[in-house]
Amino acid sequence: VQRHPAGEQSDNPETLQQRISELNHRIARLGVVNPLALEEYDEAAARYDFLSGQLHDLRAASATLNELIAELDNAIRTRFETTFRVVADEFERSFTRLFGGGEARLVLMNDNGDDDDDQNGRNPPGIASLGVEIIARPPGKRLQHLALLSGGERALTAAALLFALLKANPTPFCVLDEVDAALDEANVGRFRDMLAALSEKT
């Protein structure tokens, strides 16, 4: 916009006509005026406010769900570890009775293959990243992983774990089909004794 110095007004028709033409040109460049612009703005603003509220609600719901997931994960892990300790203790006893000696233990492992009991102060991993490893030593042998045992020893170790699970969490009934198929006579006798003891509560 051209401004004249204070007190200086131009009544020159040519100057005025030039000014008018300039203003008309600038108005033409603005384009057609939308008479509904204010109404459309109100609608867009209302829509924006609605979507902003929805986004806030979604973020709040997401935060609540994350808190719930963390609480459930902690509760499940605590219950799992409690049950694991009971089963591990029962497994050691069942293994010794079935083998007539030796020793065995269950080890809780994380995804990195580390013993879960040694976290060095770090946050414990989630329940989905945990695993269980069986370490066993039948009488007269050294302590080794389950995969290194013979077929009969693995079957007897699995039976010991089964008895440990049934003792830790008794069931109204259970069906064992050919569980003793891989066992020799001495082991079948100890298996029968364990089964008789289990039958008193099942």
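Here, residue 1 is the first one in the sequence, and each next residue gets the next number. Remember, it's a predicted structure, so these values are computed and weren't measured experimentally.
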For a quick test of reading the model, state the closest non-hydrogen atom pair linking [X] to [Y] and the distance between them.
| X | Y | answer |
| --- | --- | --- |
| Ala88 | Leu106 | CA-CD1, 3.9 Å |
| Gly102 | Pro139 | N-CG, 3.8 Å |
| Leu98 | Ala159 | CD1-C, 3.9 Å |
| Val87 | Ala164 | O-CB, 3.7 Å |
| Leu108 | Glu81 | CD2-CG, 4.3 Å |

**Message:** Between Ser62 and Leu58 (side chain of the first, backbone of the second, donor and acceptor by atom type, cut-off under 3.5 Å), is there such a pair?
**Reply:** no

**Request:** Start with the C-alpha gap between Arg97 and Met194, add the side-chain angles, then the distance that decides, and say whether side-chain contact (heavy atoms from CB on, under 4.5 Å) holds.
**Result:** CA-CA 8 Å; Arg97 287 187 61 184; Met194 290 282 292; 3.6 Å; yes

**Prompt:** Which residue pairs pass the ring-ring contact (aromatic ring centres under 6.0 Å, His included) test with at least one member in residues 22-41, sequence neighbours excluded?
**Reply:** none

**Request:** Any ring-ring contact (aromatic ring centres under 6.0 Å, His included) involving residues 154-195? Give me the pairs, sequence neighbours left out, ordered by first then second residue.
**Result:**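 As it turns out, the ring-ring contact (aromatic ring centres under 6.0 Å, His included) pairs with a partner in residues 154-195, which skip direct neighbours, are Phe163-Phe191.
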
Mind checking what makes side chain to side chain contact (heavy atoms under 4.5 Å, CB included) contact with [X], not counting sequence neighbours?
| X | value |
| --- | --- |
| Leu162 | Leu166, Leu176 |
| Arg47 | Phe50, Leu51 |
| Glu43 | Glu39 |

Going only through I, L, V, M, F, W and Y residues with side-chain contacts under 4.5 Å, is there a path from [X] to [Y]?
| X | Y | answer |
| --- | --- | --- |
| Val86 | Ile76 | no |
| Leu195 | Phe95 | yes |
| Leu148 | Met109 | no |

Distance from [X] atom [atom1] to [Y] atom [atom2], nearest 0.5 Å?
| X | Y | atom1 | atom2 | value |
| --- | --- | --- | --- | --- |
| Leu68 | Leu72 | CG | CG | 4.5 Å |
| Asp89 | Ser94 | CG | OG | 10.5 Å |
| Glu153 | Leu183 | CD | CG | 11.0 Å |
| Arg59 | Gln54 | CZ | CD | 13.0 Å |
| Glu103 | Ile135 | CD | CD1 | 10.5 Å |

**Item:** side-chain contact (heavy atoms from CB on, under 4.5 Å) assessment of Arg19 paired with Glu22
**Value:** CA-CA 5 Å; Arg19 177 68 176 149; Glu22 181 183 336; 3.7 Å; yes

Hey, does [Y] have a side-chain heavy atom less than 4.5 Å from the side chain of [X]?
| X | Y | answer |
| --- | --- | --- |
| Leu165 | Phe91 | no |
| Thr157 | Leu149 | yes |
| Leu146 | Arg154 | yes |

**Message:** Please list all pairs meeting side chain to side chain donor-acceptor pair (under 3.5 Å) that have one or both residues in residues 158-179, counting only residues at least two apart or in different chains.
**Reply:**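 Qualifying pairs: none.
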
Can you list the residues that meet the side chain to side chain donor-acceptor pair (under 3.5 Å) rule with [X], with sequence neighbours excluded?
| X | result |
| --- | --- |
| Asp184 | Asn187 |
| Arg93 | Glu90 |
| Glu71 | none |
| Gln144 | none |

**Asked** Under the salt bridge (Lys or Arg N to Asp or Glu O under 4.0 Å) test, which residues partner Arg192, sequence neighbours left out?
**Response**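 By the salt bridge (Lys or Arg N to Asp or Glu O under 4.0 Å) rule, Arg192 matches no residue at all.
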
**Item:** Listed partners of Glu92 passing salt bridge (Lys or Arg N to Asp or Glu O under 4.0 Å), at least two apart
**Value:** none

**Request:** For Glu67 and Thr64, test the side chains for any donor-to-acceptor distance below 3.5 angstrom and give the result as yes or no.
**Result:**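 There is no such pair (donor and acceptor under 3.5 Å, judged by atom type) between the side chains of Glu67 and Thr64.
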
